[in-house]
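To start, the structure under review is shown below, and the notes come after it.
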Amino acid sequence: MTSNSSKSRFPKERIDWTVTLTPFFLILFLCACFVLFPEASKNMLSGIRSLLGDTFGLYYLIIGLGIFLFSLYLAFSRYGSIRLGKPDEKPRYSAFTWGSMMFTAGLAADILFYSFCEWILYANDPHIAEMGSMQLWSSTYPIFHWGPVPWGFYLVLAVAFGFMLHVRGCKKQKYSEACRPILGDKVDGLPGRLIDLLALFALLAGTATTFGLATPLLTRILTELFGLPDTKWVTIAILVLTCMVYTQSVSNGMKGIAKLSAACMYLLFALVAYIFFAGGQMRYIVETGFSAVGNLAQNFFSLATFTDPQRTSSFPQNWTIFYWAYWIVWCVAAPFFIGSISRGRTVRQTILGGYVYGLGSTFLSFSILGNYSLGLQVSGRLPVLELYGSTGDLYSTIIAVINSLPLAPFVLVLLFVVMIAFYATSFDSISLVASCYSYKSIAEDEPPHSVVTIFWAILLILLPIALVFSENSMNNLQSVSIIAAFPLVLVILLILASFLKDAKKYLDS
């Protein structure tokens, strides 16, 4: 992409003001509710979450497993041979650049955050005791929750959007447009508007959840390093800093995003390599990670279909369903971005390559960072669970884990930089996609105007700041994603059905 059009006159006649301004006023309303009525807002979210996550939890589990299996069908069926572009077109990006952009466009910052601590959250859960040893299942469940099923959500939609953009040459980069093969001209009317507004609401909900969950860790790092007060104002300052970084990156178009994504991957490799080699647990990390991958492969379908019908622990309702919903709300932006950068690759290459890079990077992070902290617990070097149990503070527990490393301040600085960079790469891709949503039509290689991009960059940060004021809890943030994902699933199924119909027509022509 070039940046010429982003410096030209503001194209107000091309902007879809309904789709652009409705989310803006909705977010202002939600921000006011969270700031002025935090307890009432929390209770309302919890009530809706209980209905959707508990009563209709099977809905999320069926969709998750079904879409993963559907991704394999697409890859190995005749649809896998479809090239996202002209029949003889070569990939626009190298494998490493493409893989880096894909991984960092999604939930890379959260993957890094949860790598340190996810096993801590449910190590003492009754369900882990029912399954067997904490050693085995605390290392297996994290790579299940961040593994094939959630990446399947991204990849099936990425090929659907890539087909729409690169094969059909569509100039409307919106969820509704992907439904045109089935809905026809209805996408230009009220049904299409409702689909796009729902998609943008889900996008904003996912943004709020991501920033709300992991940003406090950055605040604790600054507190540890420089003695800054652990207050919401420091957290808000970090949010604003991150917003400035990703706004600057996205203003440089795809070239800036590609460079930042590659830098992020090198920083991640540096972090995990240091912990792997300097942490003194190389053998334990390798063997535990190897066992966890094997255990996941052996028990994948039983994990994906476990509903806990007697509610002896409510483990899937508290965790698995939340993770599926969390990735679903991120399916508005990340798959669009992955589809746009996959030009020149076949459907098969996009799906299988996506699993290689996505799962490879995810498993690397969880296996080294997660198993390092797990190893501290089982070896007795650091009572990780006792620290968390006595304070209930996940962030200070992670800081204690990092302080067990040689040159801990260096690791804290590196972790801070990596997380800011990951946030920036995730949200510059989101800002880019959301900016395209504001246009009635926009060419594939045309960058949005800088005013539109900055508008979305600011809008994406408002709800996370409001959640900081409301003193959000883990349950509160989970509720936002579960609620937003419930209706979005129906739209995703409609998009996939539309892709099959259009792709069949393309192959048969």
Side-chain angles (χ1 to χ4, degrees), residues 46 49-50 53-54 57 61 110-147 212-214 216-217 220 279 281 284-285 287-289 291-296 298-299 302-304 306-326 365-404 472-479 481-482:
S46 297
R49 180 251 175 90
S50 178
D54 188 75
L61 297 178
D110 280 12
I111 288 173
L112 183 58
F113 167 70
Y114 275 105
S115 292
F116 278 106
C117 68
E118 181 168 337
W119 72 269
I120 301 171
L121 294 172
Y122 42 67
N124 289 326
D125 192 284
H127 179 61
I128 299 298
E130 293 172 355
M131 297 289 286
S133 70
M134 182 192 73
Q135 159 71 26
L136 181 59
W137 290 102
S138 288
S139 58
T140 300
Y141 258 112
I143 61 173
F144 168 66
H145 285 151
W146 298 84
L213 283 173
L217 176 61
R220 294 300 177 84
Q281 299 194 84
Y284 176 83
I285 289 173
E287 292 182 358
T288 300
S291 297
V293 172
N295 193 42
L296 174 61
Q298 183 178 356
N299 296 280
S302 62
L303 297 179
F306 177 61
T307 62
D308 191 15
Q310 294 181 297
R311 300 296 189 269
T312 58
S313 66
S314 295
F315 186 87
Q317 288 74 29
N318 291 334
W319 295 108
T320 305
I321 289 169
F322 157 64
Y323 282 120
W324 286 190
Y326 190 19
S365 181
F366 274 99
S367 294
I368 294 180
L369 305 183
N371 290 337
Y372 173 76
S373 59
L374 178 61
L376 294 178
Q377 170 68 32
V378 299
S379 67
R381 285 179 53 191
L382 183 72
V384 179
L385 293 180
E386 183 178 328
L387 287 174
Y388 177 61
S390 62
T391 64
D393 188 336
L394 191 61
Y395 307 106
S396 62
T397 304
I398 294 174
I399 297 297
V401 168
I402 295 174
N403 280 335
S404 68
N472 59 78
S473 65
M474 177 76 76
N475 186 70
N476 198 8
L477 291 165
Q478 289 177 346
S479 300
S481 289
I482 290 174

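Predicted model, so just to flag it, every value in this text is computed and none were measured.
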When you look at CD of E130, are more than 12 heavy atoms from neighbouring residues, nucleotides or ligands closer to it than 6.0 Å?
yes

Closest non-hydrogen atoms of L374 and M134, given as atom of the first, atom of the second and distance, are CD1-CE, 4.2 Å

Interatomic distance, CD@Q317 vs OG1@T307, rounded to 0.5 Å, equals 7.0 Å

Heavy atoms of I128 and Y122 approach each other most closely as CG1-O, 3.0 Å

Check: Going by atom types only, do W146 and E118 share a side-chain donor-acceptor pair under 3.5 Å?
Finding: yes

*For side chain to side chain contact (heavy atoms under 4.5 Å, CB included), just list the numbers for R220 and D393, CA-CA rounded to whole Å, side-chain angles, deciding distance to a tenth of an Å, and then say yes or no.*
CA-CA 11 Å; R220 294 300 177 84; D393 188 336; 2.6 Å; yes

Minimal heavy-atom distance between Y372 and G279, with the atoms involved, is CE1-O, 3.5 Å

Between T288 (side chain only) and I285 (backbone N and O only), is there a donor and an acceptor less than 3.5 Å apart?
no

*When you look at W137 and L303, which way does the side chain to side chain contact (heavy atoms under 4.5 Å, CB included) test go after all the steps?*
CA-CA 11 Å; W137 290 102; L303 297 179; 3.8 Å; yes

Is a donor from one side chain sitting under 3.5 angstrom from an acceptor on the other, for T312 and D308? yes

Test your reading of the model: is there a side-chain donor-acceptor pair from Q135 to the backbone of V378, 3.5 Å cut-off?
no

(Q) Could you walk me through whether F366 and I111 satisfy the side chain to side chain contact (heavy atoms under 4.5 Å, CB included) test, starting with their C-alpha distance in whole Å, then the side-chain angles of each, then the deciding distance to 0.1 Å, before giving a yes or no? (A) CA-CA 8 Å; F366 274 99; I111 288 173; 3.9 Å; yes

May I ask you to decide if the ring planes of H145 and Y141 are parallel, tilted or perpendicular, using 30° and 60° as cut-offs? tilted

Between the OG atom in S115 and the CD1 atom in I143, the distance rounded to the nearest 0.5 Å is 11.0 Å

To the nearest 0.5 Å, atom OH of Y114 lies from atom CG of L112 at 12.5 Å

Residues L385 and A123: closest non-hydrogen pair is CD2-CB, 3.8 Å

ask   = Are the side chains of F116 and I402 in touch, meaning some heavy atoms are under 4.5 Å apart?
value = yes

Assess, by modelled atom type and distance only, whether the side chains of W119 and S139 contain a donor and an acceptor separated by less than 3.5 Å. no

**Asked** Have N295 and T140 got a donor and an acceptor in their side chains that come within less than 3.5 Å?
**Response** yes

Could you tell me whether Y395 and F113 have their ring centroids closer than 6.0 angstrom?
yes

Here the gap from N318 atom CG to S313 atom OG, rounded to the nearest 0.5 Å, amounts to 7.5 Å

Here the pair of heavy atoms bringing I398 nearest to C117 is CD1-CB, 3.8 Å

One should read off an interatomic distance between Q281 CD and S373 OG, to the nearest 0.5 angstrom, of 9.0 Å

One should read off an interatomic distance between S396 OG and L387 CG, to the nearest 0.5 angstrom, of 7.5 Å

**OP:** Could you check whether the rings of W319 and F322 sit parallel, tilted or perpendicular, using 30° and 60° as the cut-offs?
**Re:** perpendicular

Heavy atoms, side chains only, cut-off 4.5 Å: are F306 and T320 in contact? no

What one should report as the nearest heavy-atom pair of S404 and L376 is OG-CD1, 3.4 Å

